[in-house]
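Remarks on the structure that follows.
Since this is a predicted model, take the numbers as computed values, not measurements. Side chains included, hydrogens not; waters and symmetry mates left out as well; all remaining heavy atoms used.
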Amino acid sequence: ARNGIKQLQPRMRRQNSIQALSKSLDDQLKSVTSTLEEVDADGKARSVLSRIEHVRIRTQLLMERSIFGFIYSHTLLILSVFSCIQYIYSTYSTGNSELDIQQANFFNIFELVLASLFLFDWMLSFFLAEHKLHFLSSFFSVVDLMTVVPKF
């Protein structure tokens with residue numbers, strides 16, 4: 001019986017931490033939106049934020065303060081390393097044998113998938129940016145676009 005309770009405790013802790021994270025995100029969103037409310041002529045409070053802005057803020061909080069955001073950013077880091085390794089390996093490929101041709105086809109597909117993922121990440125970062133023009137003119141945004149767009 002004790003083993004059964006011990007096995008259930010980590011699951012209960014995970015559920016509690018997920019619920020706590022969700023409540024924390026909701027509280028943070030409410031605190032942000034409560035400061036951005038105005039009173040109309042009838043005395044009713046109405047939110048200045050649009051529905052899209054609510055989604056942007058909630059997604060930004062999720063990406064910055066949750067385990068999902070941590071895993072997402074580290075997964076992209078690992079994929080970037082794989083992309084570099086793949087590029088280095090492909091430069092040493094001669095392309096003369098049947099195996100080299102098959103590897104080249106595989107690497108082209110792999111590179112297209114990675115470029116699509118990195119483009120999605122850039123679009124997500126653009127969506128989450130508070131100042132869109134500043135984001136577009138930032139060094140890392142320009143570098144990201146210059147590395148992804150040529151593949152398409």
Not counting sequence neighbours, which residues clear ring-ring contact (aromatic ring centres under 6.0 Å, His included) with Phe70? List them please.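 For Phe70, the residues satisfying ring-ring contact (aromatic ring centres under 6.0 Å, His included) (neighbours in sequence not counted) are His74.
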Hits for ring-ring contact (aromatic ring centres under 6.0 Å, His included) against Phe82, two or more places apart or cross-chain, chain-then-number order -> none
Can you give the donor-acceptor pairs under 3.5 Å from side chains of residues 135-149 to other protein atoms, not counting sequence neighbours?
residue	atom	partner	partner atom	Å
Ser137	OG	Leu133	O	3.1
Ser137	OG	His134	O	3.2
Ser138	OG	Phe135	O	2.8
Ser138	OG	Ser141	N	3.4
Ser141	OG	Trp122	NE1	2.9
Ser141	OG	Phe135	O	3.2
Thr147	OG1	Val143	O	3.2
Thr147	OG1	Asp144	O	2.9

Rounded to the nearest 0.5 Å, what's the gap from [atom1] on [X] to [atom2] on [Y]? Could you check?
X: Phe126; Y: Leu119; atom1: CZ; atom2: CG; value: 12.5 Å
X: Leu124; Y: Gln60; atom1: CG; atom2: CD; value: 10.0 Å
X: Leu117; Y: Ser80; atom1: CG; atom2: OG; value: 10.0 Å
X: Phe127; Y: Lys132; atom1: CZ; atom2: NZ; value: 6.5 Å
X: Ile71; Y: Ile78; atom1: CD1; atom2: CD1; value: 10.5 Å
X: Thr75; Y: Asp121; atom1: OG1; atom2: CG; value: 11.0 Å

Beyond-backbone contact of Ile109 with Asn105, side-chain heavy atoms, under 4.5 angstrom: no
Is a side-chain donor or acceptor of Ser83 paired with a backbone partner of Leu79 at a separation under 3.5 angstrom?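 Here the side-chain-to-backbone pair does not exist.
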Can you tell me if Ser66 uses its side chain to pair, donor with acceptor, with the backbone of Met63 under 3.5 Å?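 Absent.
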Who passes side chain to side chain donor-acceptor pair (under 3.5 Å) against Tyr89, sequence neighbours left out? Gln103
In terms of hydrophobic clusters joined by side-chain contacts under 4.5 Å, are Leu112 and Tyr87 together?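 The answer is no; the residues belong to distinct hydrophobic clusters.
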Group every Ile, Leu, Val, Met, Phe, Trp and Tyr by side-chain heavy-atom contacts under 4.5 Å, then state whether Ile52 and Leu128 land in the same group. yes
Whichever hydrophobic residues join Val81 through chains of side-chain contacts under 4.5 Å: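 Ile85, listed by chain and number.
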Under the side-chain contact (heavy atoms from CB on, under 4.5 Å) rule, collect the residues that match up with Gln86, sequence neighbours excluded. Ser90, Phe107, Phe110, Glu111
